[in-house]
Participant: 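Sharing a structure below in structure tokens format, with a few things to ask.
Both counts, for ligands and for their atoms, begin at 1 and track the order of listing.
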Amino acid sequence: MELEVMVADVIQEAHDTTTLVLFTGNDHMDYLSGHFLTIDPHQFEALGRWIAFLEDVKGKKELPRAYSMASAPDEHYLAITVKEERYVPGYTKYPPLLSPILAQRTATGRKMLVTGFTGPYTLPKEGKTPSSILHIAAGSGIVPNWSILKFGLRNHPEMIQTLLYSNKTWLDTIYGEELIKLQKEFPDQLDIKFFITRENPPLSTNAAVVGGRIDKLTIEKAIEQLDDPLVYVCGPANTVHDKKLAKESNESLNPRFMESTLGYLSEIGIDKSRIKRESYG
Ligand SMILES: Cc1cc2nc3c(=O)[nH]c(=O)nc-3n(C[C@H](O)[C@H](O)[C@H](O)COP(=O)(O)OP(=O)(O)OC[C@H]3O[C@@H](n4cnc5c(N)ncnc54)[C@H](O)[C@@H]3O)c2cc1C
């Protein structure tokens, strides 16, 4: 379904991350928490010459980019949260195309076409709601989990949720303060631990914010405290481009957040059927 939306609000979540609140003209949109929409970069006139150049050097058409719903289906607005990708000389092959303009150069009133809604990273259908969920997220991987968390807390009071959320610094932590507020609002249904990997000690003094990475022991303990949880994992993974490069240069790939987390879950003995995953690469 293609929709014309208007940007009704622009909320800066972190120095490189912005939530775009989208006005659709409809009171209710039919999607599930965890679904994503897509945005075709060809619609942005300012990107025209840039797209022509990239399509020329890559030898293929630039595809629509996917963005998870940051809003939940019981909210009266649509929202996405976009983190600006960076060009890192010597590491990234091309400068990123769409995320810089969505995250840093989109003003209220801007109209755009979006196509939605789809994706398998959602809550099971009504009647099959799990008794508990463990969310494990890193960086912008929080976005679909944020939607599932909000929707679950308000609509499934019997469901217990735990979030383990990793970022480089507290200021990179998307929805940090809002998550803390949510935990205070739903103390019996929600437990959150924030992990900060590159700031010692973490800038936030909140007890839920700790230094270090999400490791196997932390995941194991969180699972022990839940009743056979469904596990949702979302965050950076090695991309097809990373894999291709490693193969060409005969080098082995270091595991990123997704590979490490799935490895821990397998060692802990969590059946694959209990795990949902989404990576943004
Ligand atoms: C299901 C899903 C949901 C997502 N949800 C979100 C979300 O909620 N928020 C969010 O911020 N992002 C999300 N993403 C990521 C998003 O879709 C984009 O990938 C991201 O915004 C980067 O897009 P870009 O156009 O800026 O960068 P791109 O132009 O796509 O570039 C990204 C990287 O890929 C490299 N690259 C591109 N083409 C090639 C090539 N041919 N060879 C080698 N390297 C190449 C570039 O060098 C760069 O490092 C999601 C992705 C998926 C799949």
Participant: With heavy atoms of V143 as the reference, note each atom of ligand 1 found under 4.0 Å away.
Facilitator: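 The atoms of ligand 1 under 4.0 Å from a heavy atom of V143 are 8 (O).
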
Participant: Nearest heavy atom to atom 20 (C) of ligand 1: which of W146, Y87, Y121, Y67 does it belong to?
Facilitator: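 Checking each option, the heavy atom nearest atom 20 (C) of ligand 1 is found in Y67.
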
Participant: If the cut-off is 4.0 Å to any non-hydrogen atom of K93, which atoms of ligand 1 fall inside it?
Facilitator: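 Under 4.0 Å from K93, ligand 1 has these atoms: 42 (N), 43 (C), 44 (N), 47 (O).
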
Participant: If you measure every N/O of S99 against every N/O of ligand 1, is any gap under 3.5 Å?
Facilitator: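 Indeed, backbone or side chain, S99 has an N or O that close.
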
Participant: Okay, side chain of N238, backbone of P255: is any donor-acceptor separation there less than 3.5 Å?
Facilitator: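 Side chain of N238 to backbone of P255: no pair is present.
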
Participant: Looking at P201, is its backbone amide N or carbonyl O close enough to the side chain of E199 to form a donor-acceptor pair, meaning the two atoms are under 3.5 Å apart?
Facilitator: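 It does not hold such a pair.
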
Participant: As an exercise, identify every atom of ligand 1 less than 4.0 angstrom from a heavy atom of S279.
Facilitator: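 In order of number, 53 (C).
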
Participant: Below 4.0 Å from any atom of ligand 1, is there a heavy atom belonging to P41?
Facilitator: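 P41: no contact with ligand 1 (<4.0 Å).
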
Participant: Ligand 1 versus L102, non-hydrogen atoms closer than 4.0 Å: side chain, backbone, both, neither?
Facilitator: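 Neither; no heavy atom under 4.0 Å.
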
Participant: Which residue from E278, R65, R86 reaches closest to atom 29 (O) of ligand 1 through any of its heavy atoms?
Facilitator: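 Among E278, R65, R86, the closest heavy atom to atom 29 (O) of ligand 1 comes from R65.
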
Participant: Measure the acute angle between the ring planes of Y165 and F194, then classify it against the limits of 30° and 60° as parallel, tilted or perpendicular.
Facilitator: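 Y165 and F194: tilted rings.
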
Participant: State whether the shortest distance between N or O atoms of V82 and N or O atoms of ligand 1 falls below 3.5 angstrom.
Facilitator: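 No, V82 has no N/O under 3.5 Å of an N/O on ligand 1.
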
Participant: Report the part of K83 in contact with ligand 1, treating N, CA, C, O as backbone and CB onward as side chain, heavy atoms under 4.0 Å; options are side chain, backbone, both, neither.
Facilitator: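 Near ligand 1, K83 shows its backbone as well as its side chain.
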
Participant: In terms of atom number and element, which parts of ligand 1 are under 4.0 angstrom from non-hydrogen atoms of E85?
Facilitator: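 What qualifies from ligand 1 is 22 (C).
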
Participant: Please confirm whether the backbone N or O of L262 pairs with a side-chain atom of S266, one donor and one acceptor, at under 3.5 Å?
Facilitator: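 Answer holds: no.
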
Participant: Taking everything shown except E158 itself, do over 12 heavy atoms lie less than 6.0 Å from its CD?
Facilitator: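 Enclosed: over 12 neighbouring heavy atoms sit under 6.0 Å from CD of E158.
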
Participant: Using a 4.0 Å heavy-atom cut-off, say whether H241 meets ligand 1 through its side chain, its backbone, both or neither.
Facilitator: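 Under 4.0 Å from ligand 1, H241 contributes side-chain atoms alone.
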
Participant: May I ask you to check if ligand 1 and S140 share an N or O to N or O distance below 3.5 Å?
Facilitator: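 In this structure, S140 places no N or O atom under 3.5 Å from an N or O of ligand 1.
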
Participant: Check whether any side-chain N or O of Q43 sits under 3.5 Å from a backbone N or O of L113 as a donor-acceptor pair, and report yes or no.
Facilitator: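 Yes: the side chain of Q43 pairs with the backbone of L113.
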
Participant: Would you say T92's side chain and Y87's backbone share a donor-acceptor pair under 3.5 angstrom?
Facilitator: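 Answer holds: no.
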
Participant: Run the numbers for me: atoms of ligand 1, each under 4.0 Å from some heavy atom of Y94, listed by number.
Facilitator: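 Here the atoms of ligand 1 in question are 38 (N), 39 (C), 40 (C), 41 (N), 42 (N), 45 (C), 46 (C), 47 (O), 48 (C).
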
Participant: I would like to know whether E178 and K150 meet salt bridge (Lys or Arg N to Asp or Glu O under 4.0 Å); could you show each step before the answer?
Facilitator: CA-CA 11 Å; E178 286 171 273; K150 291 186 288 182; over 6 Å; no

Participant: Go through it in stages, so that I can follow the logic: the residues are H15 and D172, the test is side chain to side chain contact (heavy atoms under 4.5 Å, CB included), and I'd like the CA-CA distance, side-chain angles, deciding distance and then a yes or no.
Facilitator: CA-CA 7 Å; H15 65 100; D172 288 310; 3.2 Å; yes

Participant: What atoms in ligand 1 come closer than 4.0 Å to a heavy atom of F36?
Facilitator: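 The atoms of ligand 1 under 4.0 Å from a heavy atom of F36 are 1 (C).
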
Participant: Donor-acceptor pair, distance only, cut-off 3.5 Å: does the side chain of Y232 make one with the backbone of T122?
Facilitator: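 Side chain of Y232 to backbone of T122, a donor-acceptor pair under 3.5 Å: yes, one is there.
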
Participant: With a heavy-atom distance limit of 4.0 Å, tell me whether L98 approaches ligand 1 through its side chain, its backbone, both, or neither.
Facilitator: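 The part of L98 near ligand 1 is both the backbone and the side chain.
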
Participant: Could a heavy atom of P100 be found less than 4.0 Å from some atom of ligand 1?
Facilitator: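 Yes.
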
Participant: Indicate yes or no: does R86 engage E84 in a salt bridge with an N to O separation below 4.0 Å.
Facilitator: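 Here R86 pairs with E84 in a salt bridge, since their nearest N and O are under 4.0 Å apart.
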
